[in-house]
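For the single chain, residues carry numbers from 1 onward in sequence order. Values below: all heavy atoms of this structure, side chains included; hydrogens, waters and symmetry mates excluded.
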Amino acid sequence: MPDRAPQPVDRQLPTEEARDLISLVRDIAQQEITPKAAEEEDAGRFPRELFTLLSRSGLLGLPYDSEYGGGDQPYEVYLQVLEELAAARLTVGLGVSVHSLASYALAAYGTKEQQVEHLPAMLGGGLLGAYCLSEPHSGSDAAALRTKAVRDGDDWVITGSKAWITHGGIADFYTVMARTGEEGPRGITAFLVPGDAEGLSAAVPEKKMGMKGSPTAQVHFDGVRVSDDRRIGEEGQGFAIALSSLDSGRLGISACAIGVAQAALDEAVAYAAERRQFGKPIADFQGLRFMLADMATQIEAGRALYLTAARLKDAGRPFAMQAAMAKLHCTDTAMRVTTDAVQILGGYGYTADFPAERYMREAKVLQIVEGTNQIQRMVIARHLVGPEGR
């Protein structure tokens, strides 16, 4: 490989423990994730055994309290771990992000008793989570959800369907938002539902453009009964919990997007250094050099943006606007960078023999999940000038 081959990202990490953690993640990525990524994505295979390994390695509960099996890591470290995992394979990075999102409600809003009972298994016990907010008729307008939870003595009976659920049908637990009261955001409550609950089922996974190894499916609740001690937070607090969850989740998507973009840049740099035309490497042509420079600059800007938001969160300061900005910029960057990587590889970039085309297909979904980028612009504008129609 030429001496211009890409090197690992030079990260600014706060502790020696964090540096050791990144080294561990890179070892796992190199040995366990990257070698199988293309084949398993093409086959649509979800690497459940890999998530078991990640759990045993302490990587599924990094931002949570060690008292419950978490890693006590600040978000700025956790997100850089996600970036490394997503660069190796987005199905893995996004899967860890979704699992963290599914665990957030209980970790942030659950009672002490609930946390003691459930969090150790969720964070380090090999379980896999899913987050259930969207429905077939309520995506961006999440407050219009129709799934109902009706009180029956000491239980709740949940009926309805959720859509676009990552890990739908294979998750061990689902954090579910259901309507328990009036229409609108104030009538929604959060529940922790076991994956093997009677009446819970999943449809056939969606056939997607990318991320074929990550199952995305509708999840149906046909009179699913859960006890009141699996209600998270107060009745009617579910939508506030969901929005708080998504602020953190958007940072996870941002980090995953930069991971995919970095992987595409690395591929483009390595190819440009090796490919020769007109008697010299194509990396020597100014037009292509400028493309690589722009790609690298956009990635660094995105990384700085998501880390700024993460440090605000770690300091206990408001970060919702910065999370929306990071999600918007980082995912748009991933789409631009992966498209440029395909262009740099030329005809080879359009073939499955190289990973550039997979990166481009995967980048697209990141502009959609956990709030489309049009929604992110609405969120940012509301922070700047207030809500619409005042």
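Considering only residues two or more places apart in sequence or on other chains, Tyr348 meets the ring pair (Phe, Tyr, Trp, His ring centres under 6.0 Å) condition with Phe354. The ring pair (Phe, Tyr, Trp, His ring centres under 6.0 Å) check on Tyr359 picks up nothing, with sequence neighbours excluded. With sequence neighbours left out, Tyr64 forms a ring pair (Phe, Tyr, Trp, His ring centres under 6.0 Å) with no residue at all. Remark: Arg225 engages Asp152, Asp155 in a salt bridge (charged side-chain N to carboxylate O under 4.0 Å, His left out) (not counting sequence neighbours). Arg250 is linked by a salt bridge (charged side-chain N to carboxylate O under 4.0 Å, His left out) to Asp247, counting only residues two or more places apart in sequence or in another chain. Residues satisfying the salt bridge (charged side-chain N to carboxylate O under 4.0 Å, His left out) criterion with Arg358, sequence neighbours excluded, are Glu362.
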Kindly list each side-chain donor-acceptor pair under 3.5 angstrom involving residues 187-202, sequence neighbours excluded, with atom names and distances?
from   : atom 1 : to     : atom 2 : distance (Å)
Thr189 : OG1    : Thr180 : OG1    : 2.6
Thr189 : OG1    : Gly236 : N      : 2.9

N/O donor to acceptor pairs below 3.5 angstrom from side-chain atoms of residues 19-26, sequence neighbours left out:
from  : atom 1 : to    : atom 2 : distance (Å)
Arg19 : NE     : Glu16 : OE1    : 3.1
Arg19 : NH1    : Leu13 : O      : 3.3
Arg19 : NH2    : Glu16 : OE1    : 3.0
Arg26 : NE     : Glu84 : OE1    : 3.3
Arg26 : NE     : Glu84 : OE2    : 3.0
Arg26 : NH2    : Val9  : O      : 2.8
Arg26 : NH2    : Glu84 : OE2    : 2.9

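More than 12 heavy atoms of other shown residues, nucleotides or ligands fall within 6.0 angstrom of atom NZ in Lys208. For Tyr350, the OH atom sits in a loose shell: 12 or fewer heavy atoms of surrounding residues, nucleotides or ligands are nearer than 6.0 Å. The environment of Asp72 atom CG is dense: over 12 non-hydrogen atoms of other residues, nucleotides or ligands sit within 6.0 angstrom. For CZ of Arg382, the number of neighbouring non-hydrogen atoms (other residues, nucleotides, ligands) closer than 6.0 Å is greater than 12. Gln286 CD: 12 or fewer foreign heavy atoms inside a 6.0 Å radius. The neighbour count for Arg56 CZ, taken as heavy atoms of other residues, nucleotides or ligands under 6.0 Å away, does not exceed 12.
From Leu60, atom CG reaches atom CG of Leu127 across 9.5 Å, with rounding to the nearest 0.5 Å. Atom CD of Gln343 is separated from atom OG1 of Thr338 by 12.0 Å, given to the nearest 0.5 angstrom. Considering CG of Asp10 and CD of Gln12, their distance stands at 7.5 Å, rounded to 0.5 Å. Rounding to the nearest 0.5 angstrom, the gap separating the CD1 atom in Ile253 from the OG atom in Ser97 is 4.5 Å. Interatomic distance, CG of Leu106 versus CE of Met122, reported as 5.0 Å (0.5 Å rounding). One distance of note links CD of Glu370 with CG of Leu251; it measures 10.0 Å at 0.5 Å rounding.
Side-chain contact check for Leu79 versus Ser254: every heavy-atom pair is 4.5 Å or farther apart. The shortest distance between side-chain heavy atoms of Tyr271 and Glu274 does not fall below 4.5 Å. Asp154 is not listed as a side-chain neighbour of Ser227, based on a closest heavy-atom distance of 4.5 Å or more. Residues Arg89 and Lys36 are not in side-chain contact: their nearest non-hydrogen atoms beyond the backbone lie 4.5 Å or more apart. With a 4.5 Å cut-off on side-chain heavy atoms, His383 and Ile380 do not count as touching. The shortest distance between side-chain heavy atoms of Leu101 and Thr166 does not fall below 4.5 Å. Side-chain contact between Lys364 and Met335 is present, with at least one heavy-atom pair separated by less than 4.5 Å. Between His118 and Tyr68, the closest side-chain pair of non-hydrogen atoms is not below 4.5 Å.
Screening residues 122-141 for side chain to side chain donor-acceptor pair (under 3.5 Å) gives Glu135-Thr147, Glu135-Lys162 as the qualifying pairs, with residues at least two apart or on separate chains. Note on residues 313-328: pairs passing side chain to side chain donor-acceptor pair (under 3.5 Å), not counting sequence neighbours, are Ser248-Lys313, Lys327-Asn373. Each salt bridge (charged side-chain N to carboxylate O under 4.0 Å, His left out) pair with one or both residues in residues 112-127, not counting sequence neighbours, appears once here: Glu67-Lys112.
For Ser55 (side chain) and Gly126 (main-chain N/O), a donor-acceptor pair under 3.5 Å exists by modelled atom type. Judged purely by atom type and a 3.5 angstrom limit, Thr297 uses its side chain to pair as donor or acceptor with the backbone of Ala293. Between the side chain of Glu83 and the backbone N or O of Ala255 there is no donor-acceptor pair closer than 3.5 Å. Of the possible donor and acceptor atoms, none in the side chain of Ser100 sits under 3.5 Å from a partner among the backbone N and O of Val96.
There is no side-chain donor-acceptor pair under 3.5 Å between Tyr104 and Thr175. No donor-acceptor contact under 3.5 angstrom links the side chains of Gln298 and Asp294, judged on distance only. Remark: the Thr333 side chain and the Arg336 side chain contain an N/O donor-acceptor pair separated by less than 3.5 Å.
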Inset, instruction - Carefully, step by step, assess Leu54 and Val92 under the rule side chain to side chain contact (heavy atoms under 4.5 Å, CB included). - result: CA-CA 10 Å; Leu54 296 178; Val92 178; 3.8 Å; yes
Inset, instruction - Assess whether side chain to side chain contact (heavy atoms under 4.5 Å, CB included) is satisfied between Lys148 and Trp156, documenting all intermediate values. - result: CA-CA 9 Å; Lys148 289 186 177 182; Trp156 293 87; over 6 Å; no
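Between Phe46 and Phe51, the ring-plane angle classifies as parallel under the 30° and 60° cut-offs.
Heavy atoms only, all atoms of each residue included: His220 and Ser161 are closest at ND1-OG, 2.7 Å. Residues Glu357 and Gly349 come closest through the heavy atom pair CB-O, 3.3 Å. Heavy atoms only, all atoms of each residue included: Tyr109 and Ala240 are closest at OH-O, 4.3 Å. Between Pro281 and Ala273 the shortest heavy-atom distance is CB-O, 3.7 Å. Taking all atoms of both residues into account, the shortest heavy-atom contact from Val379 to Ala324 is CG1-CB, 3.8 Å. The two residues Pro120 and Val116 have their closest heavy-atom pair at CD-O, 3.5 Å.
Cluster annotation: Tyr306 and Ile299 are assigned to the same hydrophobic cluster (Ile/Leu/Val/Met/Phe/Trp/Tyr, side-chain heavy-atom contacts under 4.5 Å, transitive). Both Leu246 and Ile232 are assigned to one and the same hydrophobic cluster, defined by single-linkage of ILVMFWY side chains at heavy-atom distances under 4.5 Å. Following chains of ILVMFWY side-chain contacts shorter than 4.5 Å, one can reach Leu307 starting from Leu62, so the two form part of one hydrophobic cluster. Linking ILVMFWY residues whenever their side-chain heavy atoms come closer than 4.5 Å, directly or via other members, places Met211 and Val260 in the same cluster. Put simply, Val224 and Ile165 are part of the same group of oily side chains (I, L, V, M, F, W, Y) that touch within less than 4.5 Å, one to the next.
Taking Ile, Leu, Val, Met, Phe, Trp and Tyr as members and joining any whose side-chain heavy atoms lie under 4.5 Å apart, directly or through other members, Met209 forms no hydrophobic cluster with any other residue.
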